[in-house]
Amino acid sequence: MPAMHEGLERFCSFVAGSADAAAVTHVAEPAMLSGGAIQENWGVTLDITGGPQAGRHEVVVRMDAPSAVAASHGRMREFALLRVAFEAGVTVPEPLWACTDEGVLGRPFFVMRRIAGIAAGHRVVRMARTPAEARALVIDCATQLARIHAIGPPDTRLDFLDIPKEPPALAAVGAHRRALDALGVMHPGLEWALRWAEVAAPLPGDLVLCHQDFRIGNLMVDDHRLTGVLDWEFACWGDPISDVAWLCAHCWRFGRDDRPVGGIGERADLYDAYEAASGRSIEPARVRYWEVMAHVRWAILALQQADRHLSGRETNLELALTGHVVPELAFEAVLMTRPDAWPEARP
Amino acid sequence: MTQRPGPEDLLETAVSVLREEVVGELSGKARYQALMVANAIAIAARQVGDTPSEDLADVPAAADAASLVRAIREGTLDGRVDVHDWIVRKLRAQVSVSNPKALARETVDDARS
């Protein structure tokens, strides 16, 4: 029996304590909303009696999957990130309560308000949309990115995020190489792209909160509008353009190669709206740099996921297949870093 | 001699049945899982049929793959056309097994504009 069902009564008691309520009951069985390789999300309807939050609430309980990848934050950190984003006016599900007591559901979890929409990239890109609807959704993405990027260090609520001592690009190159070494993977293609990324690293610009997984599959979309930015577990202090590039990278278009912004719309609409909302200008060369890095980073995350299957820790077909996206990601990164794309003056 | 039809034929035929007859009968999680199974079998069929290319056997500018990786990281092969060419050919061979549709990307670079 899933931990969510098994611990349901304890969960209701936890909510009653957190919400200062006389009683909390659940309506119907919890429903698994999505089961990622990293976490589980359960939809629960609660009736709260007494206290400041009395009434019916549609909530989502988010907890780690039985095993999680190295680079993901713990649920408590994600809860803190969500709270900072919510207070900064980013469109996110309202964070409600967090629980570290593993006696309740067996794993730490947090509770957020449920929002309408779907967050499945392959479905969202296939929905029929007029050019105006596509443009509105792209502009929503730009607006949200600008709000996230208005959050900067230092921030005591986010003191678990390291402030990079090097320029973000070089910090990323170092982290990716260490990840490859830890996996024991020798990959000439990824090494080629990483060396290019080292010598072609852009000068550091603003250091801001970066979501680090801002792509259509992690954005709740309802009636062609963005209703929530989800999945904050990879967030870090970094180069804001890395988020713009992650959204535009070829690997996150869900088969709609002809629409560079996440398989939805056009770069010009994203760039113009982002520049207007953030006051920060977008240099296409910097976006391109971070698109190379997007392919490298996704390749390394894919290698880590495949390793969970290969190591025997978790036999799982989805993880196993993820290992087979690595060649095309490395291919794209290497094609983007042809010898004529290297800087003239080499150190 | 292996009884015919051989492994590649069997696996490819199994993929056709899954994709053309089974997936359409399913919905939700079962449909998603059947599509994953079909993808896994299709990759395995291409792996069975794959013959390693002899012209990739020799690593350029290094004694072996480990020294190549080290030299790239240390910067002694920066921008080298022969090294890039070898890596592209090697990845092309891998992509043709893992996801042949992605080979078309070789002629596109839409972030350059």
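Residue numbering restarts at 1 for every chain, and letters A, B, ... go by the order of the sequence lines.
- Comparing A:Asp181, A:Leu194, A:Val173, A:Leu190 by how many heavy-atom pairs each has under 4.5 Å with chain B, the most go to A:Asp181.
- The heavy-atom pair separating A:Asp257 from B:Arg105 by the smallest distance is OD2-NH1, 3.8 Å.
- Counting heavy atoms from C-beta on, the side chains of A:His187 and B:Leu91 come closer than 4.5 Å.
- No more than 12 heavy atoms of other residues, nucleotides or ligands sit less than 6.0 Å from atom CZ of A:Arg135.
- Of all non-hydrogen atoms in B:Leu77 and A:Trp192, the two that sit nearest each other are O-CZ3, 3.8 Å.
- Here the shortest heavy-atom pairing between B:Ala102 and A:Glu328 reads CB-CB, 3.8 Å.
- For the side chain to side chain contact (heavy atoms under 4.5 Å, CB included) with A:Phe331, the qualifying choice from B:Asn99, B:Val88, B:Ile87 is B:Val88, the only one to do so.
- Considering only heavy atoms from C-beta on, A:Trp196 stays 4.5 Å or farther from B:His84 through its side chain.
- Shown here are the salt bridge (Lys or Arg N to Asp or Glu O under 4.0 Å) partners of A:Glu191, two or more places apart in sequence or in another chain: B:Arg73.
- Looking at B:Val97, there are no atoms closer than 4.5 Å to chain A (heavy atoms on both sides), in backbone or side chain.
- The two residues A:Pro327 and B:Gln94 come nearest to each other via the heavy atoms CB-CB, 3.8 Å.
- Taking the side chain as every heavy atom from C-beta outward, B:Gln47 and A:His324 approach each other to under 4.5 Å.
- Rounded to the nearest 0.5 angstrom, B:Tyr32 OH and A:Glu318 CD are separated by 3.5 Å.
- Heavy atoms of B:Arg92 lying under 4.5 Å from chain A belong to its backbone as well as its side chain.
- Expressed to the nearest 0.5 Å, how far CZ of A:Arg195 lies from OG1 of B:Thr76 amounts to 8.5 Å.
- Side-chain contact between B:Val69 and A:Leu180: absent, with no pair of heavy atoms (C-beta onward) separated by less than 4.5 Å.
- Taken to the nearest 0.5 Å, the CG atom of A:Leu321 stands 5.5 Å off from the CD1 atom of B:Ile43.
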Practice problem: Given side-chain contact (heavy atoms from CB on, under 4.5 Å), test B:Arg80 with A:Trp342 step by step and report yes or no. | Solution: CA-CA 10 Å; B:Arg80 277 269 296 260; A:Trp342 286 60; over 6 Å; no

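- Under a cut-off of 6.0 angstrom, the local environment of CZ in B:Arg89 is crowded, with over 12 non-hydrogen atoms contributed by other residues, nucleotides or ligands.
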